[in-house]
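Read the structure below first, then the notes.
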Amino acid sequence: MEPNFTEIAAKWQKKWAEEEVYKVSHKSDKPKYYVLDMFPYPSGAGLHVGHPLGYIASDIVSRYKRLKGFNVLHPMGFDAFGLPAEQYAIQTGRHPADTTRENIARYKEQLNNIGFCYDWSREVITSDPSYHKWTQWIFLNLFSSWFNLDSNTAEDISVLEEKFGNGGSAAAKGACSEHEDFTASQWISMTEKEQRGILMKYRLAYQDYATVNWCEALGTVLANDEVKDGLSERGGHPVEKKQMRQWFLRITAYAERLLGDLENLDWTDSMKEMQKNWIGKSEGASLRFELSPSNSMDLTPDPSPQERGGDLPQGFSAQERGENSSVAGGSSLGYGTKFHLSDSRAWSLFIPRAKKMRSEMTPSESIVWKELRDKKIGFKFRRQHIIDQFIVDFVCLSKMLIVEIDGSIHDSSKEYDEGRSEELAKLGFEVIRFTNDEVNNDLPSVISKIKEVCSNRATSYLDDQPNIGIVEEEGEEYSFSHLNERSNPLPPNEGRAGMGYIEVFTTRPDTIFGVSFLTLAPEHELVEKITSKEQKEAVEAYVQVAKNRSERERMSEVKRISGVFTGAYAIHPFSGEKIPVWIGDYVLAGYGTGAVMAVPCGDQRDWDFAKHFGLPIPEINEGVDISEAADPTKEAKMINSDFLNGSTGYEAMGKAIAVIEEKGFGKGKVNFRLRDAGFSRQRYWGEPFPIIYKDEVAYPLDPSELPLELPIMEDFKPTGKPESPLSKANDWVLTPKGMRETDTMPGYAGSSWYFLRYMDAKNPDSFVGKEAESYWQDVDLYIGGTEHAVGHLLYARFWQKFLFDRGFVSKAEPFKKLINQGMILGRSNFVYRVVGTDKYISKDMLDAHPELKTNTIHVDVNIVQNDILNTSAFKTWRDENKNAEFIFNAEGNYLCGVEVEKMSKSKYNVVNPDDIISYFGADTLRMYEMFLGPLEQSKPWNTNGIEGVHRFLKKLWNLFFDDQGDLKVQDSEPTENELRTLHKTIKKVEEDVERFSFNTSVSTFMICVNELSEQKCKNRRILKDLLITLSPYAPHTAEELWHALGEQGFVVDAIFPKWNEDFIKESSISYPIAFNGKTRFNVSLAADMPKQDVEATILAHEDTIKWLDGASPKKIIVVPGRMVNIVI
RNA sequence: GCCCGGGUGGUGGAACUGGUAGACACGCAGGACUUAAAAUCCUGUGACCUCACGGUCGUGCGGGUUCGAUUCCCGCCCCGGGUACCA
């Protein structure tokens, strides 16, 4: 009788869920084992057959470890914030919260169909406020932390503030952005704003201007890996570089630890290698080359910000262009403008609103305004004026008096009004309020009251301001984002080069005497200053070309050597010789100092450059031929190198650095390729930053104010400007305390710590409870794709280390062992339509008639079996096929073409796990995915072999039930053969799971069932142990048969059987007998026969005598239990 | 270019520390059962030579180490992944 595997699976999945079989707790005496999958991003397309591969493997390990007595944490959740969800939502015209919820429901259903043992009570959804609350909380901690380079750990920022107060900037060595030095007394006399400006340069979550990839079409900034060849990965839109104020995470502070700790991780070498390369540590020295005094240098200082800002958008006042730090007298506001009583962010945001309100005044407002306008009562009033974060109804600036008509702005509550008055009072304003009724019923007394208060107020805000200007802001379109954007980017090397010298970084300080020129990046800030009059034109032209060449052009262009002489010379620190300074675009502005000392004999790029421009190539290595190419050897003895002569490069390295440092020409230095991680996205669908700006200073929210939820917006489309969609949500952005940050966090924010949340997913008081964290600690096995090698896996390690430093977690590394599952590729099928007809020709017939012109068309793989097309299904598949005719092959079949491609809808090669499950059942899918090949290997999905696995499960079933469907299992003593089969299976499966070789254990099960079938095994004890062993792979079938045997409880709670060597031992072994390494025949001998006896027996064997053919053996090699080799 | 993987029948793959290459499965061929088909079961299935017994060759290519190499070493070719003027 045929079992219904689909029904069986559904039955037990329901039961498991009802009985919460997979729910686990940290309150356990058992040892823990944490198995983690990289949680999916729930896209609209649902799961295809490639997705569950890793999940099945981790599920097998989880179930196996549980049988082995571990308390196994195996959770699942969803990475739900990010651009794809936002894009999908925009496309479908729906809200990302809705589409995300639906996609998650669909994913969950699909995952549950496969029968995973997830503890769903620990489900984590990164977009859920109860989760992102803690993502924001971690951000706040990053914000309020700095990295102490002396202790090599993160510490609270207050520690740094104290150090500054005691000893100025010299008192603390912290990982920071560049800034001027200051003393303790300077620190103390700084304003809060200035202090916070300095602190920002130390925070682990900090703001800075940076070049970002701005994509006009997507209306967002993209990560480097979202940009391919100068185009966006999604949609292929052009991407341009822009300078924007962005949030960053100071991952570079951890570069050394991220690199060093890789060593002890059980990850594949390739994975570690990728991270190593990404971190890109290089050791060497930074060196100063003084500029030759003969250079015609213009040493005037940098243009001031105002001058630089000359091309800011029209409509910006001078104040907004960079002078807003000057403090206006008499006001605690400190905005320093005549009537701009808010910071420029608020101002620009409010202006359109205020204007709108001016044109739409309420009747009572209009009445009052008529009486107040044009100094009618002797004082200048302004209407709907912006003060700090508020738009007030009427204000007299000279008296700092505000008049508000309640209920006229919006339906504000009493508390709101009071809060507002309070905030304004702090700024020195008095607020008087009138109700609509007062205005309507007794206008004269309202006006006289205003007049009276005005006269009595002594405060005169504008007394100190001689240039009172009455200017109405009309026709000005302010955009808040422009303030975030730096229109005239500073050179990337700002501050790195001094006035009279060029600083270079080199990994080969030993080759210092081989320097024959310096090369600067075209963007290097000194270029302009050092260029001679004669070279000016050429240099400017070159710089212009280099600037205009986009990343894309640089990539696609065949490498060519280009550069130009600046006309300037530097002085070689040792020889004192004049060295020409060139610029060339092979030098990158963003790495090192943006300048290199060129050693053409040792560096191929320098060599090429020197050859191309006829620059000297001094020899510094004895006996090394550099006529054709550079030779980077460190082995040769050095010549022409002064004090380094006679040393090898290896020896010279240390010597050179020592002397360089001694003479003060530079110092030993380590450089990393790793950059700080950009943490700002101009998107809607991400975690909002818990940050409020006041006077352009970023202040963190109090943790008690978390979660800061996204405002519900109808229109979250990109603004088309480099500003976040959130900037459109005025009511959300404006708070009594200040204005919210409108950027959101990137996709990797939530995924950088989700593995911690699973430990204690529902904890409302902490991101993870101490008790739960100290029990689960870290991930024992992490399974996921290699695509996250340098993104997620690096960020997660960084966050873990930070949380470790701050004492929130107990391990410095999150993932002990990492396994990368290979990608499942699609296997596309093709049909061939003869051009101009409805005839489709079989692949093999086409091969025989290559002269036929055909169109190759993708055909749905679900109507193809073993590459044979189901022709009737093909006719109904698509309307245009209904008249299809076929040219069959000799067997009368239509054979399709095959190609391996990525799985995608458009190629009709997507196989849905649901379809497989409804036809074969979940266990067949699970076992087949494992049977396909080694987990780590990428391979095409091919449903062709699935029958074999399905057949196996039916054979297993038949061991338990006869043809009538009656249980035939008996309680008898197991035979020796049965025991041997069982125990060698247990042994092999155990070994296989431990080394993650799942494909081989599937074949082991097949061999086992084949043997037991042959042995006609009906033995209860044998079959029961087999079920336990099999249950990680085929949990539904195992559970059903487990209960059929009358066992209690669930099979997951059984104990994995122990194998016994005695049962496995064979009494006799078939020895292969080889002559000169070639096997000729086999002889069966007792397994425990000693070596000498084996030798004697074999030598006496008649076949041996025959093969020796009279010759005498030179040597006989006997490997007991293995083989015999006779050398003639 | 550099750094990692990998190359085994018609196909997916197995061979774990150097010890019978091709387990297991698909496919294919033949057979049994059936009116027939499906399902199921049995047999065969690396290539070549041979009626057969048996033999020769064979793990990308060329060398080497070894009694013995898919496995270790050297050189080369091809495929996949990562990364790229990183000084």
Side-chain angles (χ1 to χ4, degrees), chain A residues 2 268-278 280-282 284 504-508 511 518-519 521 554-555 559-561 584-588 590-599 602-606 608-609 632 671-674 786-787 789-790 820 822-823 825 827 866-867 891 898 928 931-934 936-949 951-952 954-955 958 963 988 991-992 995 997 999-1008 1010 1013 1070-1082 1113-1119 1121-1128:
Chain A
E2 182 92 345
T268 59
D269 287 339
S270 69
M271 213 61 172
K272 291 186 186 181
E273 201 65 31
M274 274 188 236
Q275 292 219 340
K276 265 182 211 164
N277 291 340
W278 195 258
K281 179 179 181 175
S282 40
V504 301
F505 172 73
T506 178
T507 54
R508 296 294 303 274
T511 62
L518 302 184
T519 315
R554 280 198 188 188
M555 299 281 267
K559 267 176 209 169
R560 64 182 175 84
I561 297 150
D585 68 359
Y586 79 97
V587 179
L588 303 176
Y591 181 78
T593 60
V596 301
M597 58 175 224
V599 184
D603 184 283
Q604 192 56 46
R605 291 157 306 175
D606 296 343
D608 292 339
F609 198 84
N671 238 349
F672 291 94
R673 201 185 75 110
L674 185 71
T786 46
E787 65 271 24
V790 289
N820 304 111
M823 226 208 317
L825 300 164
R827 191 175 182 280
N866 295 330
D867 300 333
E891 284 91 45
V898 176
Y928 184 60
F931 189 58
L932 227 40
E936 290 99 327
Q937 207 166 293
S938 286
K939 56 230 155 192
W941 175 266
N942 185 350
T943 312
N944 290 352
I946 200 164
E947 298 278 351
V949 172
R951 223 167 272 157
F952 155 78
K954 285 193 276 188
K955 276 192 215 170
N958 290 335
D963 294 346
K988 180 84 166 89
E991 285 166 358
D992 284 349
R995 66 190 175 103
S997 175
N999 54 329
T1000 51
S1001 37
V1002 176
S1003 21
T1004 303
F1005 285 122
M1006 288 174 170
I1007 294 166
C1008 175
N1010 286 346
S1013 302
S1070 176
Y1071 276 88
I1073 314 302
F1075 292 82
N1076 290 342
K1078 281 193 197 307
T1079 308
R1080 295 302 176 179
F1081 57 91
N1082 287 288
K1114 248 192 230 162
K1115 196 175 172 189
I1116 297 165
I1117 293 125
V1118 178
V1119 184
R1122 283 273 187 194
M1123 47 73 70
V1124 178
N1125 189 16
I1126 299 167
V1127 187
I1128 308 171

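Chain identifiers are assigned alphabetically (A, B, ...) following the order of the sequence lines, protein sequences preceding nucleic acid strands; residue numbering begins at 1 within each chain.
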Nearest-angstrom distance, [atom1] atom, [N] to [M]:
| N | M | atom1 | result |
| --- | --- | --- | --- |
| B:G63 | B:G82 | C1' | 32 Å |
| B:U59 | B:A21 | P | 12 Å |
| B:G6 | B:C16 | P | 14 Å |
| B:C42 | B:G54 | P | 26 Å |
| B:U11 | B:G5 | C1' | 22 Å |
| B:A69 | B:A14 | P | 23 Å |
| B:A84 | B:A25 | C1' | 43 Å |
| B:C3 | B:C86 | C1' | 15 Å |

If I take atom [atom1] in residue [X] and atom [atom2] in nucleotide [N], what distance separates them, rounded to the nearest angstrom?
| X | N | atom1 | atom2 | result |
| --- | --- | --- | --- | --- |
| A:Arg1080 | B:G19 | CZ | P | 20 Å |
| A:Lys939 | B:G6 | NZ | C1' | 14 Å |
| A:Lys281 | B:A87 | NZ | P | 14 Å |
| A:Met1123 | B:G68 | CE | P | 11 Å |
| A:Asn277 | B:A84 | CG | C1' | 10 Å |
| A:Phe1005 | B:A14 | CZ | P | 17 Å |
| A:Lys272 | B:G5 | NZ | P | 12 Å |
| A:Arg673 | B:C85 | CZ | C1' | 13 Å |

Is any side-chain N or O of A:Thr268 closer than 4.0 Å to OP1 or OP2 of B:G5?
no

Phosphate oxygens OP1/OP2 of B:C67: is one of them under 4.0 Å from a side-chain N or O of A:Lys1115?
yes

Under 4.0 Å, heavy atoms only, any strand: does [X] hit a base, just the sugar-phosphate, or nothing?
| X | result |
| --- | --- |
| A:Lys954 | sugar-phosphate |
| A:Val596 | base |
| A:Gln937 | sugar-phosphate |
| A:Asn671 | nothing |
| A:Pro940 | nothing |
| A:Asn999 | sugar-phosphate |
| A:Ser1003 | base |

Chi-based syn or anti call at B:G9, which uses purine or pyrimidine torsion atoms and a 90° bound
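Judged by the O4'-C1' to base torsion, B:G9 sits in syn, the angle falling within 90° of 0.
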
Between A:Thr1000 and A:Asp992: side-chain donor-acceptor atoms closer than 3.5 Å
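Side chains of A:Thr1000 and A:Asp992: pair found under 3.5 Å.
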
Go ahead and name the base partner of [N]; Watson-Crick or wobble counts if both distances stay under 3.5 Å, otherwise write none.
| N | answer |
| --- | --- |
| B:G1 | B:U83 |
| B:C76 | B:G60 |
| B:C16 | none |
| B:A29 | B:U43 |
| B:U71 | none |
| B:U66 | none |
| B:G9 | none |

Given [options], the nucleotide with the shortest approach to the side chain of [X]:
| X | options | answer |
| --- | --- | --- |
| A:Ile1117 | B:A87, B:G5, B:G19 | B:G19 |
| A:Arg951 | B:G19, B:U40, B:C85 | B:U40 |
| A:Met274 | B:C24, B:A15, B:G82 | B:G82 |
| A:Trp278 | B:A14, B:U83, B:C24 | B:U83 |
| A:Asn1010 | B:A87, B:C67, B:A25 | B:A25 |
| A:Val1127 | B:A87, B:C67, B:C24 | B:C67 |

Given that A:Val949 and A:Val1124 both sit by RNA chain B, which one's nearest nucleotide is further toward the 5' end?
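Final value for this comparison: A:Val1124.
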
Closer to the 5' end of RNA chain B via nearest nucleotide, is it A:Arg1122 or A:Lys988?
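Closest to the 5' end, via its nearest nucleotide, is A:Lys988.
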
Test item: [X] and [Y] side chains (from C-beta on) under 4.5 Å apart, heavy atoms:
| X | Y | answer |
| --- | --- | --- |
| A:Asp269 | A:Glu273 | no |
| A:Val1002 | A:Tyr928 | no |
| A:Val596 | A:Val504 | no |
| A:Arg508 | A:Val599 | no |
| A:Trp941 | A:Leu932 | yes |
| A:Val949 | A:Met1006 | yes |

Might you confirm whether atom CZ of A:Arg1122 has over 12 heavy atoms from other residues, nucleotides or ligands at distances under 6.0 Å?
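Atom CZ in A:Arg1122 is not packed in, count stays at 12 or less.
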
Quiz item: A:Asn944 side-chain donor-acceptor pair to B:C26 base, under 3.5 Å
no

Can you label the angle between the A:Tyr591 ring and the A:Phe505 ring as parallel, tilted or perpendicular, going by 30° and 60°?
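Ring orientation of A:Tyr591 relative to A:Phe505: perpendicular.
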
